[in-house]
Protein chains: 2
Amino acid sequence: MDKKEITIYDIAQEAGVSPATVSRVLTKNAAVSPAKREAVEGLIRKYKFRPNAMARSLSDTKTKILGLLVADIRNPYYAALSVACEEAANQQGYTVMLCNALSDNRLEDSNLEKMYEQRVDAVIQIGCRADDLVSDSAYAAHVNRISRTIPFITTGKLDGTDCYRLNIDDVASMRMIFEYLTSLGHRRIALLGGQKKIQSTYDKWQQYIYLMGKYELTFHEAYLQEGDYSEKAGYRCMLELLELKKPPTAVIAVNDFTAVGALKAAAEKGVQVPRDISIISFDNTFLSEISTPKLTSVDYNYAAFGQRLIEIAVKAIQNQKIPKEQLVTPTLVIRDSCTQAQER
Amino acid sequence: MDKKEITIYDIAQEAGVSPATVSRVLTKNAAVSPAKREAVEGLIRKYKFRPNAMARSLSDTKTKILGLLVADIRNPYYAALSVACEEAANQQGYTVMLCNALSDNRLEDSNLEKMYEQRVDAVIQIGCRADDLVSDSAYAAHVNRISRTIPFITTGKLDGTDCYRLNIDDVASMRMIFEYLTSLGHRRIALLGGQKKIQSTYDKWQQYIYLMGKYELTFHEAYLQEGDYSEKAGYRCMLELLELKKPPTAVIAVNDFTAVGALKAAAEKGVQVPRDISIISFDNTFLSEISTPKLTSVDYNYAAFGQRLIEIAVKAIQNQKIPKEQLVTPTLVIRDSCTQAQER
DNA sequence: ATGAAAGCGCTAACAC
DNA sequence: GTGTTAGCGCTTTCAT
């Protein structure tokens, strides 16, 4: 717990070279004669020397750290995407600094400050206030202040700001779902959970209504059950749906949590899924896989999603020209929660 | 995306004071006359100046960063504990640097290196190789090399190393479970999932066997179903148990995932939980809350657990004297998955 | 209370 | 190729 840190000066001295030479073998940015290189490398191994990242960053003004601000890592969706980002970042030689917003605006702000103090090379924001349909202007200002200095990437909306956006194509998801459900003969389709004030949910609602029309299905106000994103909300909304005189034959849950809640409500009411009612969800987290029955769910290919996020960040850091807005195309993973519509 | 960074020199100049004075108002480590302090603070606000954390760390050799190495943040147990740590760390003025080991030893090692390069003030390790019953000696050496310089805290075993341990009291958990189950009249109790090579599981097994004796229950080899920690394993092991001529009336699942798998197996076999068989689990993650039925589970009070971890780290950093080994006492959260044993 | 100056450990011109 | 030197932005003696 003491033992002073070894530096490039120590290495240089013992190797009989200058600190610059040691630095050169460390960064590989310049040629060094094989003899000296080996001498230095030997000592590095001998002392298990690791350069001080602080000093390095201070000197070259690049930290090789990417700030990752997520809503709540305890949510499997964010966890999946975060890990994907961490892996992709590692591959590109970057480290991730992960912070949770936890629905606390002050925390979110202070974490943003922290990232800035840490001089991260870019910040990637997933979830949090960036998802709001109407962006808080004070927040937008905060983001803009940061995005003037470093690239800012979001999976949300954040309008009024100058940042890169990589959004899930919710419209395409909904289209896919309708194609699938109608192909199974469903005509009474409900949409469960989510809040209109969240951009992605808003888009889903719009598209849901549009598609109901397009497929000539009769739109029922009661089939649109607003809730939040929790299992509890899914449970509650599903009960409402089941109590309707004409309950839907298929329900689209806004995420896996609400789908699990819906499953619980159905089980309690003696309604079998998928025999009596089909359920389909968004996100395809591990919950889809472990629920009973397993959920048919919209997947975003987290590995690729994370990679693209990191790729945008890295290119932006390098000042490469990249589009400000991009989409990730979802995919439908078919499991056991949907089946042919039954006449009832 | 350009705009040069503002520094304490800029602030000092405009305020007509020396950089040292600006530093003093920043750190609050020394007295500054009210007039100058206000002038400086005004400019800090005006420019929204944030000191460069790299420079600061370089200078005072404290980064105020805690390295958090976890097995896999996608696992709700680790997610819960990590968030608790992050919150506690924030409260103490520390930032957390979170890395996943992902069951990849090379990744784990390189993440440890990364933390060292980043000169974190301490590393806290949760899960990963630290959990192994018999610690890998090369790994122990690696840890020791680090723990000579900075405090190392683990929730695992890691013997042969000099680090602080905060372990869950698995023996107490098991005792609690037995008290509860036997009070419900259960005498045929199985233990499902987990691998003996993992310390905490090994301890659970030992205690299980001991308690079977103590309560004068007949120990059945087949009631000890080794598996891993996945839902799949829980499912498979539960099927085995249900096929026994004398199946258990209660099963203790090693964690929530295996319990969920067991639930699924039971449902499939038409065995009702808890009417026909009781299930109890460890970890009390959100899965216990959303499963059907809700699981009775052993809880660790994540908030307090995380706080203690951080507290140990912080005290160790300050060279305060603290015990090398401590325990966290679990608690039983009773929900709907256990009931009175039925004669069958 | 305040300023000057040294130094934290490294990188990157700049000479040779 | 290699060494010398000047920072990177901050904190902290040490004087005053």
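Note that these values count all heavy atoms, side chains included, but never hydrogens, waters or copies made by symmetry. Every chain is numbered from 1, with letters handed out A, B, ... down the list of sequences. Every value quoted in this text rests on a predicted model; they were computed, and no experiment measured them.
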* To do: Please list residues of residues 22-30 of chain A whose heavy atoms come under 4.0 Å from any atom in DNA chain C, ordered by number; otherwise none.
  => A:Ser23, A:Arg24, A:Thr27, A:Asn29

* To do: With the side chain of A:Val17 defined as its heavy atoms from C-beta on, choose the nearest nucleotide among D:dC10, D:dG3, D:dT11.
  => D:dG3

* Position toward the 5' end of DNA chain D (nearest nucleotide), B:Ala20 or B:Leu58 -> B:Leu58

* By a strict heavy-atom criterion of less than 4.0 Å, which residues belonging to residues 113-121 of chain B are in contact with DNA chain D? -> none

* Out of curiosity, B:Asn90 CG to A:Asn111 CG, how far, rounded to the nearest 0.5 Å? -> 6.0 Å

* Asked: Going by modelled atom types, is there a donor-acceptor pair between the base of D:dG7 and the side chain of A:Ser59 at under 3.5 Å?
  -> yes

* Separation between NZ of B:Lys48 and CD1 of A:Ile146, rounded to the nearest 0.5 Å -> 11.0 Å

* Structure fact -> Outermost contacting nts on DNA chain C, any atom under 4.0 Å from chain A heavy atoms, listed 5' then 3', are C:dG9 to C:dA13

* **Pi-cation contact, B:Tyr116 with A:Arg50 (under 6.0 Å, within 45°)** => no

* Asked: Closest nucleotide of DNA chain C for B:Val32 versus for A:Arg50: which of these residues is on the 5' side?
  -> B:Val32

* Count the heavy atoms of every other residue, nucleotide or ligand shown that sit under 6.0 Å from NZ of A:Lys28, and state whether that count exceeds 12. => no

* To do: Find the distance between CG (B:Asp132) and CG (B:Asp159) and round it off to the nearest 0.5 Å.
  => 10.5 Å

* Of the nucleotides D:dG1, D:dG9, D:dT4, which one has an atom closest to the side chain of A:Ser33? -> D:dG1

* Just wondering, more than 12 heavy atoms not from A:Gln92 lying within 6.0 Å of its CD? -> yes

* To do: Evaluate whether atom CD of B:Glu113 has more than 12 neighbouring non-hydrogen atoms of other residues, nucleotides or ligands under 6.0 angstrom away.
  => yes

* Just one of A:Leu66, A:Val120, A:Asp121 clears the side chain to side chain contact (heavy atoms under 4.5 Å, CB included) bar with A:Ile150, so which one? -> A:Val120

* To do: Mind running side-chain contact (heavy atoms from CB on, under 4.5 Å) on A:Leu327 and A:Ile168 for me, showing each step along the way?
  => CA-CA 6 Å; A:Leu327 288 175; A:Ile168 289 169; over 6 Å; no

* Structure fact -> Sorted by position of nearest nucleotide on DNA chain C, 5' first, the leading residue of B:Asp60 and A:Pro19 is B:Asp60

